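Just below is one structure, and these are the notes that go with it.
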Amino acid sequence: MDTPTDEAAARAIQDRLRTRVVLDETGPPPGTGLVTGVDVAYDDERNIVAAAAVVLDAATLAVVEEATAVGQVAFPYVPGLLAFREIPTVLAALEQLTSGPGLVVCDGYGQAHPRRFGLASHLGVLTGLPVIGVAKNPFTFTYAQPGTRRGDSSPLLADGGDVVGRALRTQESVKPVYVSVGHRVSLDNACAHTLHLASAYRLPETTRRADALCRRALREATLAVPGS
DNA sequence: GCGACAG
DNA sequence: ATCTTGTCGC
């Protein structure tokens, strides 16, 4: 991924790439094939970022393959421009996989984005893979509190009323997660995948595995760098 | 202009 | 994201 020099350039890239997002495909059915979780962790001291990609068997949620990558942080955190900070290293991790990733689940948003081009959509366009976004926070979007039962949901709304995703309750009486479509997956299917992957905890198993792995990769990378 | 704001 | 102990509960 080309790293833009400034925020204006970054927004221009988003506006150009967003035209390539595919929203009229349903995507693979939940519970079959492979599902890959990606996540990154930062070390602000050393300006290092570690990414992880964990491939799961969608039927059993067993780990099939893991990959990590470490790099320099190339872009600051700016709300709306998160992809430029995370994607380069995530791509490096994905490229090391020997298995096809299948559906990719990432932290953050896809269509739920100021310019409808969040992390999940960006990653989808760059890889061509079906991608969904499952975020832990609602960002600036609004929603009515969904029911308290697992599977209950309510539309995630942008200013102006556009439905950009869904607040989905993955566990009884636990704060919902915020699901949005990234690329080549319908919102209904994205939620079905999320529910399937979050059968035991609030967050999808893909996210939990990737989170644990990138933190471990960051620890090990931080210790290895000093010498050479 | 100021604050809020995925990770 | 990250800084962070003990503690309550299955």
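Below, each value reflects all heavy atoms present in this structure, side chains not excepted, and no hydrogens, waters or symmetry copies. A note on names: the letters A, B, ... follow the listed sequences, proteins ahead of strands, and every chain is numbered from 1. Here the structure is a predicted model, which is why all the values come from computation and not from measurement.
- Between A:Tyr143 and A:Tyr178, the ring center distance clears the sub-6.0 Å criterion.
- Between A:Arg209 and A:Asp39, none of the side-chain N atoms (NZ, or NE/NH1/NH2) sits under 4.0 Å from a carboxylate O, so this pair counts as no salt bridge.
- Applying the salt bridge (Lys or Arg N to Asp or Glu O under 4.0 Å) rule to pairs touching residues 128-155 of chain A yields A:Asp107-A:Lys136, sequence neighbours excluded.
- For the pair A:Arg215 and C:dT2, the criterion of a side-chain N or O lying under 4.0 Å from OP1 or OP2 is met.
- Under 4.0 angstrom from either OP1 or OP2 of B:dC5 there lies no side-chain N or O belonging to A:Asn137.
- Within 4.0 Å of A:Tyr109, counting heavy atoms only, lies at least one base atom of the nucleic acid.
- Within the nucleic acid shown, A:Gly80 comes within 4.0 Å of at least one base atom, counting heavy atoms only.
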Could you pull out the protein-nucleic contacts involving nucleotides 6-10 of chain C (nitrogen or oxygen on both sides, under 3.5 Å)?
none

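- Distance A:Asn47 CG to C:dA1 P: 18 Å, rounded to the nearest Å.
- Identified under the salt bridge (Lys or Arg N to Asp or Glu O under 4.0 Å) test for residues 178-194 of chain A, with sequence neighbours left out: A:Glu25-A:Arg184, A:Arg166-A:Asp188.
- Looking at heavy-atom distances under 4.0 Å, A:Ala112 makes no contact with the nucleic acid at all.
- Distances shorter than 4.0 Å separate some side-chain N or O of A:Tyr77 from OP1 or OP2 on B:dA6.
- Residue A:Lys136 places none of its side-chain N or O atoms closer than 4.0 Å to OP1 or OP2 of B:dA6.
- Heavy-atom contacts from other residues, nucleotides or ligands closer than 6.0 Å to CG of A:Asp159 number 12 or fewer.
- Ring pair A:His122/A:Phe84 is perpendicular by interplanar angle, where above 60° counts as perpendicular and below 30° as parallel.
- If you check every strand for non-hydrogen atoms under 4.0 Å, A:Leu81 touches a base.
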